[in-house]
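Numbered from 1 within each chain, the chains take letters A, B, ... in sequence-line order.
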4 protein chains.
Amino acid sequence: MDADEEAQTPARPGRPRSTVAHQAIVDATVDLLTTDGYQALSFEAVAARAGVGKRTIYRRWKSKGALVGAAYTEMVQRRHPDPDTGDAVKDLRLLLRRLFTSVQAPGVTAALRSMVAEAQLDPDFATELRRFVESRREVVRTILRRGIERGQLRADLDPDTAIDLVFGPYWYRLLIAHAPLDSRFAATLVDHMLRGIGQ
Amino acid sequence: MDADEEAQTPARPGRPRSTVAHQAIVDATVDLLTTDGYQALSFEAVAARAGVGKRTIYRRWKSKGALVGAAYTEMVQRRHPDPDTGDAVKDLRLLLRRLFTSVQAPGVTAALRSMVAEAQLDPDFATELRRFVESRREVVRTILRRGIERGQLRADLDPDTAIDLVFGPYWYRLLIAHAPLDSRFAATLVDHMLRGIGQ
Amino acid sequence: MDADEEAQTPARPGRPRSTVAHQAIVDATVDLLTTDGYQALSFEAVAARAGVGKRTIYRRWKSKGALVGAAYTEMVQRRHPDPDTGDAVKDLRLLLRRLFTSVQAPGVTAALRSMVAEAQLDPDFATELRRFVESRREVVRTILRRGIERGQLRADLDPDTAIDLVFGPYWYRLLIAHAPLDSRFAATLVDHMLRGIGQ
Amino acid sequence: MDADEEAQTPARPGRPRSTVAHQAIVDATVDLLTTDGYQALSFEAVAARAGVGKRTIYRRWKSKGALVGAAYTEMVQRRHPDPDTGDAVKDLRLLLRRLFTSVQAPGVTAALRSMVAEAQLDPDFATELRRFVESRREVVRTILRRGIERGQLRADLDPDTAIDLVFGPYWYRLLIAHAPLDSRFAATLVDHMLRGIGQ
DNA sequence: TCGTAAGCGAGACGGTACGTCGCGTCTTGTG
DNA sequence: CACAAGACGCGACGTACCGTCTCGCTTACGA
């Protein structure tokens, strides 16, 4: 999702990559993404706005989607960490509410959509996206495991299926947009998951 | 999703549209889609392979996604009609099983994905896709309504939420591909929906 | 030196090439050539100034030099035809005087130079240039032949060598620019050629 | 034509320039020039093949043509010195024969052509080339002057015009390549020059 | 039966963006 | 300080498709 060799060989020969250029590119991408949308976004335009050679961008990201991925990560700095209130049900409700709120911010929906779109077209980026998705699943998985250990959730539930039941409808509405992603829907999702899997 | 004025003015002036050209275009699209993937698909390439002028394609479909939509329809002839066995639960299980089976056919997944991708980029096509999605939802809605009337399902369920719980995870796995769309998952989905909403 | 298939199949399939675009390209080339010089001339710049797609230029000329060739031909409309005054010596003097005068016009020297430069780098264009050069030699060859027939020049001269003795120093001074191409030099060249080959 | 400050301050501060690098650059240039031609020659390519930083080349030569000039000098070690046999006519014949022979060596023609091409595009290099050309003219000028003093050539000839009559056709055939640069042509050139200017 | 209106293939058109190359300059660490 | 390595801003390259626009030619209806 990010520049390709983040923390590799600490010193390789030649001039090191400019962090200034790096930041300028990411900023320009966010700008264009939220202003004109994914369509208007091109390596050409990003280079122009960032005051950077196209090569400098290609050196770091190999596709538009990968670039947008970095910009998205930049946009959603707050990472919705595991709340861990001690109550698994409360944790789930909190996490979902935050997720559904963050998605209201302008540009976030567009970014997520463009990433899914890119993933359908570029298998390499699909892998990267899967990695990102998995990291989000892991947070919920942790909450569920904790809930089971604490006896707050029944022991025989299948976490992965449960997670699909939460994130599935979330992405579904996000992508198809046949219905809003509001806090009521967030609550409903948790309710149904708990009724299905909880004690 | 299809050629844009299917059953319009039954007879309009001038030379009628060539069904030969029409078929050649769809065939070429399916060919390219399953052979080289969505990436290699372009109006230019389709026209070349079909031996057809670009204009002739533009006259019928206004976007790549719309064109792929036609190809998809071509591929999935069977349209998963409402089973109506008399038992709502049996109907649901049957429908889901068919849905999950159809998606195994080569090219179908690719077509669905490309359509979702296109929808993220082209609002007009998003509307078309939403129409298609809605038609699929309507089938389930009918089953659910029938189940309630017959007393097979409890009366206070919200059909649309229930549908989200089924189709959500379906699309989620289809698009993210983090887990397979097998018949076991189909069964699990119906189980959870029923446990959540059924009596 | 010109667009590649001048008077071929009078009607080939598809939209015919636009003469408007053609002229716009040539004009833009002449403009840029005489204004900013050969260096500043690029397909990119010509396309921009002519309001034309780059492809449209590439379709007609395959290299910068070939393009400049067309522009040059456009610039030197007057083609220094065979004078044929009845007197071979007079003809030669007249032709040379005209040649040396035409080369004074701004841009002509630059165009000729750039063509020679391109010919050194691109064998294909070298062939084209050779064709142009040969056409100029033919004019002189005709004059000489006529002079021999009329008994104005002695019979045993070798026309091609004689022509080398005239055009050789001409191009030499044109390219190296170590001395001016003035009318005195023109006269001297004819004098020496005649002293060397005449009766 | 050569490295720009050959015999400058014999000892200047800092690390002295590596003669190893210098030679590697020239060798790589000759290699590329004779192998892939002038087109494939670029500072970038030379640096890569020589295993040298681009800067190191720029430090020594300021243009592609200047660099090729050095390579040319490397290729043509023998410099065709003034023969001075005592007989001006014999001297001229000898010099021309040598000149026409040297040009047969592979790569020499290409180098000369590329230098002329570069001179048409880069005024600075044109000056350098003019300097080189003048040095070659000076040799002939000396022979002619000596011939006049010795009474072997008539006193009223204009040396510079005479030289144009020899070198002009030489370069003409070299650059346009409409006819070969063989020894017969060498002889013919001297013959005609003498008939034109000699007693 | 014949005009006329649209469809047809081909392919050129003005564009935008692509991904690459080379330029000449700059910044690293190493000698 | 020179050197190799290589990143940098830049500008041009030649190509791919876009969606539109002629061409000359069917095709088929309705006047």
Side-chain angles (χ1 to χ4, degrees), chain A residues 11-22 24 40-48 50-60 62-64, chain B residues 11-22 24 40-48 50-60 62-64, chain C residues 11-22 24 40-48 50-60 62-64, chain D residues 12-18 20-21 24 40-48 50-59 62-64:
Chain A
R12 42 175 180 169
R15 177 176 177 175
R17 297 203 175 154
S18 162
T19 55
V20 175
H22 189 104
L41 197 95
S42 67
F43 276 34
E44 201 97 27
V46 171
V52 139
K54 282 194 286 179
R55 256 280 160 110
T56 302
I57 307 181
Y58 280 111
R59 222 172 265 130
R60 291 170 161 77
K62 60 172 249 188
S63 82
K64 190 166 147 177
Chain B
R12 47 175 175 172
R15 176 179 178 176
R17 294 196 178 161
S18 162
T19 55
V20 175
H22 190 103
L41 198 93
S42 66
F43 276 34
E44 205 97 25
V46 171
V52 140
K54 283 195 288 178
R55 255 269 155 115
T56 304
I57 307 181
Y58 278 109
R59 219 172 268 129
R60 291 171 161 77
K62 58 173 249 185
S63 83
K64 190 166 148 177
Chain C
R12 43 175 181 170
R15 177 176 178 177
R17 298 208 176 148
S18 162
T19 55
V20 175
H22 190 104
L41 197 95
S42 68
F43 275 35
E44 202 98 26
V46 171
V52 139
K54 282 194 285 179
R55 254 284 161 104
T56 303
I57 308 182
Y58 280 110
R59 222 172 265 130
R60 291 170 161 76
K62 59 171 251 187
S63 81
K64 192 168 146 177
Chain D
R12 46 178 177 171
R15 176 176 176 178
R17 291 195 179 164
S18 162
V20 176
L41 199 91
S42 66
F43 276 34
E44 205 97 24
V46 171
V52 140
K54 283 195 287 178
R55 253 276 155 109
T56 304
I57 308 182
Y58 278 110
R59 222 172 265 128
K62 60 172 248 187
S63 83
K64 190 166 149 178

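- Ranked by how close their nearest DNA chain F nucleotide is to the 5' end, D:Gly51 and A:Ala50 are led by D:Gly51.
- Comparing A:Gly14 and C:Gly14, the nucleotide of DNA chain E nearest to each residue sits closer to the 5' end for C:Gly14.
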Go through it in stages, so that I can follow the logic: the residues are A:His22 and A:Arg60, the test is side chain to side chain contact (heavy atoms under 4.5 Å, CB included), and I'd like the CA-CA distance, side-chain angles, deciding distance and then a yes or no.
CA-CA 8 Å; A:His22 189 104; A:Arg60 291 170 161 77; 3.2 Å; yes
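- Under the side chain to side chain contact (heavy atoms under 4.5 Å, CB included) criterion, B:Ala21 pairs with B:Ser18, B:Val52, B:Thr56, not counting sequence neighbours.
- Checked against E:dC13, F:dC8, F:dA4, the side chain of C:Arg17 finds its nearest nucleotide in E:dC13.
- Proximity of C:Ser18 to the phosphate of F:dT22: no side-chain N or O atom is located under 4.0 Å from OP1 or OP2.
- Remark: A:Lys54 engages A:Glu44 in a salt bridge (Lys or Arg N to Asp or Glu O under 4.0 Å) (not counting sequence neighbours).
- Using a 4.0 Å cut-off, some side-chain N or O of A:Arg59 falls inside it from OP1 or OP2 of F:dC8.
- Across every non-hydrogen atom of C:Ala47 and C:Gly53, the tightest pair is CB-C, 4.3 Å.
- Taken to the nearest 0.5 Å, the NZ atom of D:Lys62 stands 10.5 Å off from the CZ atom of D:Phe43.
- Listed by chain and residue number, A:Leu32, A:Ser42 satisfy the side chain to side chain contact (heavy atoms under 4.5 Å, CB included) test with A:Ala45 (two or more places apart in sequence, or in another chain).
- A sub-4.0 Å separation between OP1 or OP2 of F:dA7 and a side-chain N or O of A:Thr56 is absent.
- In this structure, C:Arg60 places its CZ atom 17 Å from P of F:dG14, rounding to the nearest Å.
- Summarising the geometry of D:Ala50 relative to D:Ala24, their closest heavy-atom pair is CB-O, 3.6 Å, with the distance given to 0.1 Å.
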Show each protein N/O and nucleotides 2-4 of chain E N/O combination with a separation under 3.5 Å, one pair to a line.
none

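- For the OP1/OP2 pair of E:dG9 and a distance below 4.0 Å, the side-chain nitrogens and oxygens of C:Arg12 include no atom meeting the criterion.
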Counting primed atoms, P, OP1 and OP2 as sugar-phosphate and everything else as base, the B/S/- map of nucleotides 16-21 of chain F against protein heavy atoms under 4.0 Å is SBBBBB
